[in-house]
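Note sheet for the following structure.
Order of the sequence lines fixes the chain letters, A, B, ..., with proteins taken first and strands second; residue numbering starts at 1 for each chain. The figures here come from the full heavy-atom set of this structure, side chains too, leaving out hydrogens, waters and symmetry mates.
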Protein chains: 2
Amino acid sequence: MHIFVDVMGGDFAPKAAIEGAAEALRSMPDLHVTLAGVQEAMAPYMDKLKNVAGRYKVLETPEVISNHDAPVIAIRQKKGAGIVMGMLAVKDGEADGFVSAGSTGAVLAGGMFRLGRIQGIERPALAPLLPNGKGHFLLIDCGANVDCQPEWLSQFGLMGSIYMHQVMGVDDPRVGLVNIGAEAEKGNALVKAAYPIMEKASYHFVGNVEAREITNDQADVIVCDGFSGNLILKFMEGVAGTLMRIIKKELLSDIRGKLGGIIAKPAFRRVAKLMDYSEVGGAPLLGVQGVVVKAHGSSNGHAMACAIRQAALMAQGNVVGLIDKQIQASIPQA
Amino acid sequence: MHIFVDVMGGDFAPKAAIEGAAEALRSMPDLHVTLAGVQEAMAPYMDKLKNVAGRYKVLETPEVISNHDAPVIAIRQKKGAGIVMGMLAVKDGEADGFVSAGSTGAVLAGGMFRLGRIQGIERPALAPLLPNGKGHFLLIDCGANVDCQPEWLSQFGLMGSIYMHQVMGVDDPRVGLVNIGAEAEKGNALVKAAYPIMEKASYHFVGNVEAREITNDQADVIVCDGFSGNLILKFMEGVAGTLMRIIKKELLSDIRGKLGGIIAKPAFRRVAKLMDYSEVGGAPLLGVQGVVVKAHGSSNGHAMACAIRQAALMAQGNVVGLIDKQIQASIPQA
């Protein structure tokens with residue numbers, strides 16, 4: 001198993017990716033990685049890898065794609081960037097998967113134009129795993145496609161279902177459609193048109209899921225357009241952050257609160273760990289012809305290790321091959 | 001000031017509305033209410049009103065619209081229902097405002113077809129006030145219009161701005177557009193088209209607000225289509241509920257957590273109060289020719305009192321007249 005890691009992406013590059021690779025290599029004995037980046041920047045952190053010598057190689061990248069680059073143009077022009085080189089390595093079969101915490105737009109564009117879509121997939125989608133207190137659900141799409149067609153949503157359901165089964169080990173994953181009511185006739189034009197298509201799909205469609213129930217373990221795969229998905233993803237961070245800030249402020253505002261907060265600190269640490277989605281890695285880009293995982297821009301070393309392991313599990317579980325097979329089977333033969 | 005209250009709507013009807021009316025009447029000496037409902041159902045609770053005799057009247061309604069009725073048909077056919085009678089009382093000037101915790105669809109349909117839109121307003125919108133820890137923001141639209149045109153979003157901004165100024169006393173309210181990025185060129189087709197229209201509007205447009213920042217006091221009025229708004233409203237309840245449930249579970253899972261939780265209980269009570277949006281009343285239906293407030297279906301007596309006071313403040317602040325005036329001023333004269 002060989003994962004190509006773009007070490008120059010993300011807020012803590014290249015440190016986080018190098019530490020993450022070291023952690024992933026220690027935990028998976030059959031893993032190999034390519035660390036693609038600017039060696040001068042990487043040098044101070046390379047001693048992290050001393051216990052895993054022989055299982056990584058370093059690839060010098062003469063160019064870097066930043067969040068300020070226009071994604072499609074950067075993917076076309078910066079052929080020496082880690083994102084482009086990684087996508088090509090996956091395409092050529094040199095690597096089994098690609099991981100980056102860099103520009104989301106560039107990872108999407110690289111996946112679309114350097115790797116290419118799986119035949120029959122209308123649009124690849126970005127699908128983070130999010131915590132619901134009991135376990136995790138896959139949110140698909142969370143921003144790759146802001147304006148969607150009904151058929152795309154149904155394909156998101158198929159891809160999400162395969163991912164949750166193969167990588168997360170969920171038996172017959174429940175696929176739900178984000179809507180403003182539980183009844184089939186509810187919603188905007190998009191979800192009203194998507195519902196009957198999803199009802200006929202081969203996966204286990206459980207119908208509409210109201211936003212109130214998204215974090216209440218109603219489905220393993222939560223399907224929506226990329227605009228709504230991005231709202232959900234970012235709003236979840238926002239509300240949880242605001243609520244934790246209010247709780248902290250109120251605990252600190254009197255003696256009883258301060259004392260109670262100190263005594264209950266281990267419980268609050270467990271809550272923070274449960275809500276921390278870096279634990280499960282990054283967001284797979286599903287629907288392209290290879291394993292691509294986009295790690296959160298603010299990933300630390302541990303989060304990067306999780307994203308690398310996740311890419312390895314996706315490759316091991318043959319997620320791309322199964323999506324390919326099932327999408328071909330779902331297309332009516334001429 | 002005279003507010004017409006539909007006492008038969010909501011999960012705790014008619015008790016909540018009668019208790020709420022009693023509380024509102026006690027707190028506002030110049031308030032009068034009409035309590036419209038089925039007298040037999042109301043009888044057990046009428047003693048709540050013994051201290052405010054002379055300032056309320058009871059109106060028998062031979063019909064009730066429930067959540068199971070198709071809204072538009074019910075509004076057309078059930079002329080003896082409180083929602084229909086209330087809308088007509090506002091239209092005829094017999095009442096200064098209408099409050100109901102009943103079917104959202106029926107309140108919307110009643111507002112549209114019995115009261116009618118303000119001339120020049122494309123679509124009325126439902127706009128709850130939500131907590132952000134520091135104060136409140138108005139979310140508009142939260143479900144009246146699931147598929148929107150760009151111009152409607154701009155009108156939502158205008159109506160929301162007038163409401164926040166006149167009722168909540170916010171000076172020059174900041175109006176933000178919900179989007180998946182801060183830059184003007186981000187988003188789906190709808191928000192990309194709405195942005196330049198809102199930039200030219202007469203209110204204080206502060207640009208895009210990312211979902212992560214919605215609860216972070218970035219704007220006083222948060223504008224979006226009704227599908228996204230309903231997602232935001234319901235997801236906020238869902239995430240906050242899930243997080244509080246996880247915190248409670250973790251606190252109860254060991255001795256330190258239990259002890260800390262008991263000691264810090266007053267702080268947790270303050271948090272719950274800060275996050276409780278029933279404190280600020282219901283959601284005004286903005287853009288119709290009269291004051292209409294939709295209270296939350298699960299409103300208790302205190303929440304109903306807040307909604308009744310809110311309707312009185314909307315009437316006092318001449319929100320409907322000002323929307324009318326400013327929308328006429330914004331329409332180019334032929």
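- B:R212 places no side-chain N or O within donor-acceptor distance of the main-chain N or O of A:G238, the cut-off being under 3.5 Å.
- Dense packing is recorded around NZ of A:K192, with more than 12 heavy atoms of other residues, nucleotides or ligands lying under 6.0 Å away.
- Among B:V239, B:N132, B:D147, the residue with the largest count of heavy-atom pairs under 4.5 Å with chain A is B:D147.
- Residue contact with chain A, scored on non-hydrogen atoms closer than 4.5 Å, involves the side chain of B:E210 exclusively.
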Could you check B:I214 against A:K234 for side chain to side chain contact (heavy atoms under 4.5 Å, CB included), going step by step and ending with a plain yes or no? CA-CA 9 Å; B:I214 289 175; A:K234 303 280 180 65; over 6 Å; no
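- Expressed to the nearest 0.5 Å, how far CG of B:L231 lies from CG of A:L231 amounts to 6.5 Å.
- Annotation for B:K249: atom NZ does not count as buried by contact number, only 12 or fewer foreign heavy atoms lying within 6.0 Å.
- Nearest heavy-atom pair across A:G260 and B:A264 is CA-CB, 4.0 Å.
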Decide side chain to side chain contact (heavy atoms under 4.5 Å, CB included) for B:D254 and A:R270; before the verdict, give the C-alpha distance in whole Å, the side-chain angles of both, and the deciding distance to 0.1 Å. CA-CA 11 Å; B:D254 65 10; A:R270 291 193 299 271; 3.3 Å; yes
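- The aromatic rings of B:F235 and A:F235 lie tilted to each other, with the angle between the two planes from 30° to 60°.
- Most heavy-atom pairs under 4.5 Å with chain B: of the set A:I255, A:T242, A:V191, this distinction falls to A:T242.
- The shortest heavy-atom contact between B:I262 and A:R256 is O-NH2, 3.3 Å.
- Contacts of A:L251 with chain B are made by both backbone and side-chain atoms, with heavy-atom separations under 4.5 Å.
- Here the closest non-hydrogen pair linking B:T215 and A:R245 is O-NH2, 4.2 Å.
- Taken to the nearest 0.5 Å, the CG atom of A:N188 stands 7.5 Å off from the CG atom of B:D225.
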List the steps and the verdict of side chain to side chain contact (heavy atoms under 4.5 Å, CB included) for A:F227 and B:L190. CA-CA 11 Å; A:F227 188 86; B:L190 174 65; over 6 Å; no
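- For A:L252, no part lies near chain B; criterion is any non-hydrogen pair under 4.5 Å.
- Interface remark: of the candidates A:C148, A:A267, A:G241, A:A267 forms the most heavy-atom pairs closer than 4.5 Å to chain B.
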Is there a side chain to side chain contact (heavy atoms under 4.5 Å, CB included) between A:V146 and B:K186? Walk through the geometry before answering. CA-CA 10 Å; A:V146 289; B:K186 286 266 180 174; over 6 Å; no
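- Contact annotation: the side chain of B:N230 never approaches that of A:N179 to less than 4.5 Å [non-hydrogen atoms, C-beta and beyond].
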